[in-house]
Amino acid sequence: MKVLTILGARPQFIKAAAVSRAFAQYDEIEEVIVHTGQHFDANMSDVFFEELKIPRPSYNLDINSLNHGAMTGRMLEGIEEIILKEKPDWVMVYGDTNSTIAGALAAKKLHVKVAHVEAGLRSFNMAMPEEINRILTDRISDILFCPTDPAIRNLNKEGYENLENKIVKNGDVMQDAAIFYSDMSKAPDFSIADKFILMTLHRAENTDNLERLKNIVEAANEIHEEIPVVLLTHPRTKKILEREGIELNVQAEDPVGYLEMIHLLKNCILVMTDSGGLQKEAFFFAKNCVTMRDETEWVELVENGFNKLGGADMAKITAAVHELLMRENDFNIDLYGQGKASKIIAETLIAG
Ligand code: UD1
Ligand code: UDP
């Protein structure tokens, strides 16, 4: 069976690292990887293929830095051509980026079966590009690999029980990656304090809204006066901070590879982020997380007290940080399948 995997953005490389590793265990599966080019800086793309030994993409469409319509449209065209040439049995897409919806739509229109990893997640905020991408991708996918029970409940509420798609709870492939690569973690090439907070920030809802962005930066600056904050600056955020002349007083560093990221996760005392993936990784490495968003798709982290929403409100963020720094949680609870998610994907595809 031939599986055409569509990748484009950083979190998808990490997810695919786990799944490609599982696929390689089965003679029945031949995987061909397409990189849309959505992320292209060496520290946003190449580093993951190298460090995590992800098979090199057979195609790179080099489509990036465009408005949503142009980016998705050009990806659709490029992926369609590749599907026509490769004639895969399955097209695999991950998460909720523009590369995800482009891959799913190109495949479905050609009557090629679509498997969606991280299906069923909802923020219920239709202003987010990710929410639009994931709802549309779910609707045209043949197998929906859901990481959690709440994800399955979301689909059922939308009437998926009555549709023909197959819904499979497989757990979270990011936990597979965290478990597998944990022993290989390595220190980044900058120094870190004994106690520090690990921060990332890149979501459009924060970076493209100057009031939200300034509030979050101000909160981070204030926290940094008390506890060092290490911000790994996504290129999107860096460009906007520079353009707007927003003063950032934290320890700002360039993005790091995943093995360095695990080192930082192991050594930090708290995570502050608006990333989807990082909210879960904080939990995998037994760290509490303040999420700088008004809602999260990973509701089980909030329900179990590992995650607190700070929105883009300075007082709320600093209060959440102080509260979670004091909170001693027991992280010994299985929320994401404990590392079997990729194997379930491979076996489900083989079972047909
Ligand atoms: C995308 C996803 C988002 C995901 C994030 C992961 C969509 C709509 N959004 O957001 O869901 O959380 O990836 O990181 O698909 N840039 C660079 N170098 C790079 C990558 C990006 O300079 O290697 C710049 C681009 O030129 C662009 C900006 O960052 O100006 C945004 O990139 P884009 O891929 O459009 O969206 P992300 O914000 O990365
Ligand atoms: N990540 C990384 N280096 C960094 C920042 C993040 O390797 O400098 C990893 C992080 O550990 C997680 C993934 O990138 O596995 C999350 O991707 P991102 O936050 O870009 O996207 P999201 O999950 O929000 O879609």
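Numbering of ligands and ligand atoms starts at 1, following listing order.
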What distance do Leu264 atom CG and Glu281 atom CD have between them, rounded to the nearest 0.5 Å?
11.5 Å

Using a 4.5 Å cut-off on heavy atoms from C-beta on, say whether the side chain of Val34 contacts that of Pro57.
no

Is the closest basic N to carboxylate O distance between Lys113 and Asp142 below 4.0 Å?
no

Heavy-atom nearest neighbour in the protein, as seen from atom 12 (C) of ligand 2, with distance rounded to 0.1 Å:
Glu281 OE1, 3.1 Å

Atom 7 (O) of ligand 2 sits nearest the protein heavy atom Phe48 CE2, 3.3 Å

Among non-hydrogen protein atoms, atom 13 (C) of ligand 2 lies closest to Ile14 CD1, 3.8 Å

For Gly276, the ligand 2 atoms whose distance to one of its heavy atoms is below 4.0 Å
22 (P), 23 (O), 24 (O)

Contact atoms of ligand 2, heavy-atom distance to Pro255 under 4.0 Å:
8 (O)

What I want to find out is whether Lys214 reaches Glu247 closely enough, with some N-O distance under 4.0 Å, to be called a salt bridge.
no

With a heavy-atom distance limit of 4.0 Å, tell me whether Leu232 approaches ligand 2 through its side chain, its backbone, both, or neither.
side chain

Which residue in the set His35, Gln38, Arg10, His39 passes side chain to side chain donor-acceptor pair (under 3.5 Å) when paired with Ser45?
His35

Just heavy atoms, cut-off under 4.0 Å: does Glu130 contact ligand 2 by side chain, backbone, both, or neither?
neither

Name the closest protein heavy atom to atom 8 (O) of ligand 2, giving the residue it belongs to and the distance to 0.1 Å.
Val256 N, 2.9 Å

Does Lys287 have more than 12 heavy atoms from other residues, nucleotides or ligands lying within 6.0 Å of its NZ?
yes

Tell me the protein heavy atom at minimum distance from atom 23 (O) of ligand 2, and give that distance in Å.
Gly277 N, 2.7 Å

Flag the pair Arg236 / Lys238 as yes when at least one side-chain heavy-atom distance between them is below 4.5 Å, and no otherwise.
no

Of all the atoms in ligand 2, which lie at a distance below 4.0 Å from a heavy atom belonging to Arg203?
22 (P), 24 (O), 25 (O)

At a 4.0 Å threshold, what atoms of ligand 2 neighbour a non-hydrogen atom of Met174?
12 (C), 15 (O)

Suppose we measure from atom 16 (C) of ligand 2 to each protein heavy atom; which comes out shortest, and what is that distance?
Ser275 OG, 3.8 Å

Closest non-hydrogen protein atom to atom 4 (C) of ligand 2, residue and atom name please, with distance?
Arg10 NH1, 3.3 Å

Determine whether Thr296 and Leu309 make a side-chain contact, defined as any pair of heavy atoms from C-beta on separated by less than 4.5 Å.
yes

Compare all side-chain heavy atoms of Arg293 with those of Gln279 and state whether any distance is below 4.5 angstrom.
yes

Residue from Asp294, Thr207, Asp313 passing side chain to side chain donor-acceptor pair (under 3.5 Å) with Arg212
Asp294

Nearest neighbour in protein (non-hydrogen) for atom 21 (O) of ligand 2:
Pro11 CG, 3.4 Å

In terms of ring plane angle, is the pair Tyr336 and Phe283 parallel, tilted or perpendicular, where the classes change at 30° and 60°?
perpendicular

Under 4.0 Å between a side-chain nitrogen and a carboxylate oxygen: does that hold for Glu158 and Arg122?
yes

So if I only count non-hydrogen atoms and take anything under 4.0 Å from ligand 1, which residues does that give, chain by chain?
Ala9, Pro11, Gln38, His39, Phe40, Asp41, Met44, Ser65, His68, Met71, Asp96, Thr97, Asn98, Pro129, Glu130, His202, Arg203, His234, Pro235, Arg236, Lys239

Got a second to check how far Arg243's CZ is from Leu210's CG, nearest 0.5 Å?
7.0 Å

